[in-house]
Amino acid sequence: MNKRNEVLLQGNEACAMGALAAGMRFFAGYPITPSTEIAEYLSTELPKLNGTFIQMEDEISSMGAIIGASLAGVKSMTATSGPGFSLMQENIGFASMAEVPCVVVNVMRGGPSTGMPTRPSQGDVMQSRWGTHGDHPIIVLCPKSVLECYTLTIRAFNLAEKYRTPVIVLIDGIIGHMWENIEIPPPFEVIDRAKPTVPPEWYHPYEILSGGEITPLIPFGQGYRYHVTGMVHDRSGFPTLVHDEVEQCLKSITNKIKNNLHDIIDIEEYLLEDADICVVAYGSVARSAREAVNQAREEGMKAGMLRPITMWPFPRFHLENIAGRVKTFVVPEMNLGQVYGEVLKSCPNKAVRVTRIDGELVTPDQIFSKMQEVLS
Amino acid sequence: MMHTTEAIYKYLRPDKKFPHVWCPGCGIGIVMGALVRAIEKTDLTKDEIVLVSGIGCSGRMSTYLDFNTLHTTHGRALTFATGIKLANPKLRVITVMGDGDATAIGGNHLIHACRRNIDITSIIINNNIYGMTGGQYSPTTPMARKASTAQYGSIENPFDICKLVEACGASFIARGTTFHAKMLDAMMLRALNHKGFSVVEAMAQCPVQYGRRNKLGTPMEMMQWFKDNSVSYPAFNKIPPDEVGDQFPVGVLVNREDTEYTDRYREIVKKAGGDVP
């Protein structure tokens with residue numbers, strides 16, 4: 001580290017460091033490319049901080065272990081890649097249903113199946129949203145740089161604790177393995193789990209408080225004995241099939257996210273004020289997109305970019321706001337059009353895609369050519 | 001011995017959680033009784049105990065008992081339990097799983113929990129069948145027995161749960177049956193007092209999904225079968241192999257000392273220079 005606090009870091013490493021800065025003290029994982037550096041780094045660093053690292057027998061158990069650790073009161077995380085992420089889905093659903101805060105990092109690789117283990121992709125955008133069964137909300141954050149791997153991982157923990165929910169950090173393989181010189185930001189706000197103010201006999205872990213406040217989750221072993229289940233449950237956590245209680249259980253997990261979109265959704269806008277063509281890009285491709293926008297501006301085109309930093313909930317209102325002003329959205333992605341489909345949903349007939357699935361980054365030229373094509 | 005009513009109010013959640021889901025004649029309640037009586041004999045408080053269950057008939061036990069309770073996904077009880085124990089080694093973690101839960105979908109987690117020798121007490125209730133889903137064959141359904149998915153009789157070799165966990169390194173292993181309720185209490189107490197991964201296989205009758213289909217008679221007759229065919233562990237080893245037949249050993253099969261996982265992890269923390277509390 002030099003005088004300016006700059007340090008050369010890999011995206012995966014920055015993500016692990018961010019987790020530690022957020023107070024994460026329990027990591028369970030299973031090795032998978034291109035996410036392994038996160039586990040390797042944490043296996044060295046966590047014991048120094050009296051934290052726990054365990055390499056589990058698979059991704060299913062890793063996800064189970066981090067939920068268990070979180071219920072015991074420790075901020076917990078796992079990291080994986082596409083196929084491992086698929087295995088985690090059932091327990092991610094459990095964490096959503098049982099409202100257990102935890103963070104899952106998915107460093108995306110090419111798929112489907114074993115796909116291209118050593119090549120990047122952005123193929124898990126929809127898996128991160130809809131990978132598990134049933135209706136539930138999810139928060140997904142998408143860093144575009146090594147610095148953001150650090151900052152967004154901290155944010156992921158904050159959102160997880162604040163909203164009692166699993167949060168996914170969706171990194172594409174390029175960002176995860178990219179090295180950049182970054183200045184580690186000074187310590188910023190870390191949200192820790194709130195404590196209940198009521199005595200044990202009054203405590204209902206799934207009570208919906210007035211003003212949409214979320215009941216704090218008290219760790220096991222502190223005198224507040226309660227039941228946690230993946231079944232539809234009443235406010236005290238016990239299984240129920242009473243219609244009103246079922247609806248309240250399922251709606252409350254969705255509403256706590258839906259009613260706080262302003263707090264959760266974060267976007268980056270670039271040169272959008274007067275733009276009549278807007279590139280929607282995220283992760284590594286956003287860097288190409290920015291370059292393409294600059295190139296277009298040099299050629300006199302009024303181009304801009306919108307980058308979803310929060311991928312889910314999708315920043316639909318932001319798109320709709322811009323939709324009135326721009327002629328077209330260009331959506332470049334390292335998949336066959338997962339976010340493109342989402343843009344179309346918000347702005348029918350107003351989007352074109354630039355896809356690439358050969359394991360290479362979408363180049364600025366490809367995006368620029370598409371913009372020229374659309375405007376000609 | 002605590003009066004039954006007293007025990008119900010102390011350990012069960014009598015308000016709203018009953019009636020339970022178990023069928024008349026089911027053996028799981030006997031196992032739950034044994035567990036409660038064993039816990040009563042320890043000096044553990046209810047707050048120190050975390051009961052983690054899987055999915056299935058036995059998985060519902062976590063709903064009824066007044067500890068910190070966690071009803072997990074099918075087969076994954078031990079994974080959640082591992083996270084809890086590692087995050088707070090002071091907690092006494094007990095898992096309750098059925099035979100299908102523990103040895104089919106959860107088989108991988110079971111063998112690795114044994115291998116790690118993590119300090120968790122694992123009660124595996126073996127009724128030789130998938131009860132809740134309607135009587136499909138499980139990894140412990142005996143050869144030739146019928147199930148809703150084995151209408152012509154099972155053609156799979158069943159697991160011997162105790163032998164399986166022994167081979168994987170569990171440091172305390174015992175087997176009991178619902179006929180031997182008091183012995184089950186005693187084995188559970190020893191398991192709870194054991195430092196390391198302990199397994200108690202509790203053989204339980206499923207008169208509705210297993211017994212009826214295989215013409216095994218009433219719940220009492222199924223328990224009588226446990227009595228007639230169980231042999232204490234040392235005596236069982238003296239039976240010539242060709243005379244074993246249906247007989248099976250009960251009692252404590254393995255009880256050995258081995259370094260426990262969270263203790264080993266503390267050593268890692270020391271090596272890395274962390275603060276060991």
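Here the structure is a predicted model, which is why all the values come from computation and not from measurement. All values below were derived from every heavy atom in this structure, side-chain atoms included, with hydrogens, water molecules and symmetry-related copies excluded. Naming convention: chains lettered A, B, ... in sequence-line order (proteins, then strands); numbering from 1 in each chain.
With chain B as the partner, the residue from A/Ser61, A/Gly230, A/Ser236 showing the most heavy-atom pairs under 4.5 Å is A/Ser61. Heavy-atom pairs under 4.5 Å with chain A peak, among B/Arg60, B/Lys90, B/Glu48, at B/Arg60. Each of B/Ala81, B/Gly106, B/Gly75, B/Gly274 has some count of heavy-atom pairs under 4.5 Å with chain A, and the biggest count is that of B/Gly274. Your options are B/Thr45, B/Thr79, B/Thr262, and the one with the most heavy-atom pairs under 4.5 Å with chain A is B/Thr79. Of the residues considered (A/Asp234, A/Ile66, A/Ile60), A/Ile60 shows the highest number of contacts with chain B, using heavy-atom pairs under 4.5 Å. Most heavy-atom pairs under 4.5 Å with chain A: of the set B/Asp66, B/Ile111, B/Thr82, B/Thr72, this distinction falls to B/Asp66. Between chain A and the residues B/Asn88, B/Ile268, B/Asn108, the most heavy-atom pairs under 4.5 angstrom are made by B/Asn108. Ranked by heavy-atom pairs under 4.5 Å with chain B, the first of A/Met63, A/Glu57, A/Lys48 is A/Glu57.
The pair A/Arg235-A/Glu207 meets the salt-bridge criterion, since a charged nitrogen lies less than 4.0 angstrom from a carboxylate oxygen. Look at B/Arg264 and B/Glu267 and you find no salt bridge, because none of the NZ, NE, NH1 or NH2 atoms lies under 4.0 Å from a carboxylate O.
Neither the backbone nor the side chain of B/Arg92 comes within contact range of chain A, judged by heavy atoms closer than 4.5 Å. Heavy atoms of A/Phe220 lying under 4.5 Å from chain B belong to its backbone as well as its side chain. Proximity to chain A is absent for every atom of B/Arg115, based on heavy atoms less than 4.5 angstrom apart. Looking at A/Pro239, the atoms closer than 4.5 Å to chain B (heavy atoms on both sides) all sit in the side chain, from C-beta outward. Contact of B/Arg116 with chain A is made through the side chain alone, with heavy-atom distances under 4.5 Å. For B/Leu91, the part lying under 4.5 angstrom from a heavy atom of chain A is the side chain only. Proximity to chain A (any heavy atom under 4.5 Å) is shown, for B/Lys85, by neither the backbone nor the side chain. Using a 4.5 Å cut-off between heavy atoms, A/Phe53 contacts chain B through both its backbone and its side chain.
Judged by distance alone, the side chains of A/Arg193 and A/Ser70 do bring a donor and an acceptor atom under 3.5 Å apart.
Ring-plane geometry between A/Tyr206 and A/His233 is classed as tilted, the angle between the planes lying from 30 to 60 degrees on a 0 to 90 degree scale. Taking the six-membered ring for Trp and thresholds of 30 and 60 degrees, B/Trp22 and B/His20 have ring planes inclined between 30 and 60 degrees apart. Aromatic ring orientation, B/Phe67 versus B/Tyr11: tilted (interplanar angle from 30° to 60°).
Taking the side chain as every heavy atom from C-beta outward, A/Ile184 and A/Leu9 approach each other to under 4.5 Å.
B/Asn117 places a side-chain N or O within donor-acceptor distance of the main-chain N or O of B/Phe197, the cut-off being under 3.5 Å. Remark: the backbone N or O of A/Arg164 is paired with a side-chain donor or acceptor of A/Lys256 at under 3.5 angstrom.
Within a 6.0 Å sphere centred on CG of A/Leu241, other residues, nucleotides and ligands contribute 12 heavy atoms or fewer. For B/Asp275, the CG atom counts as loosely surrounded, since its 6.0 Å shell holds 12 or fewer non-hydrogen atoms of other residues, nucleotides or ligands. Within 6.0 Å of CD on A/Gln89 lie more than 12 heavy atoms contributed by other residues, nucleotides or ligands.
Within residues 71-80 of chain A, the residues that have a heavy atom under 4.5 Å from a heavy atom of chain B are A/Leu71, A/Ala72, A/Val74, listed by number.
Of the residues B/His194, B/Glu260, B/Glu257, the one that meets the side chain to side chain donor-acceptor pair (under 3.5 Å) test with B/Ser171 is B/His194.
Residues B/Leu51 and B/Ser62 approach most closely at CD2-CA, 3.7 Å, considering heavy atoms.
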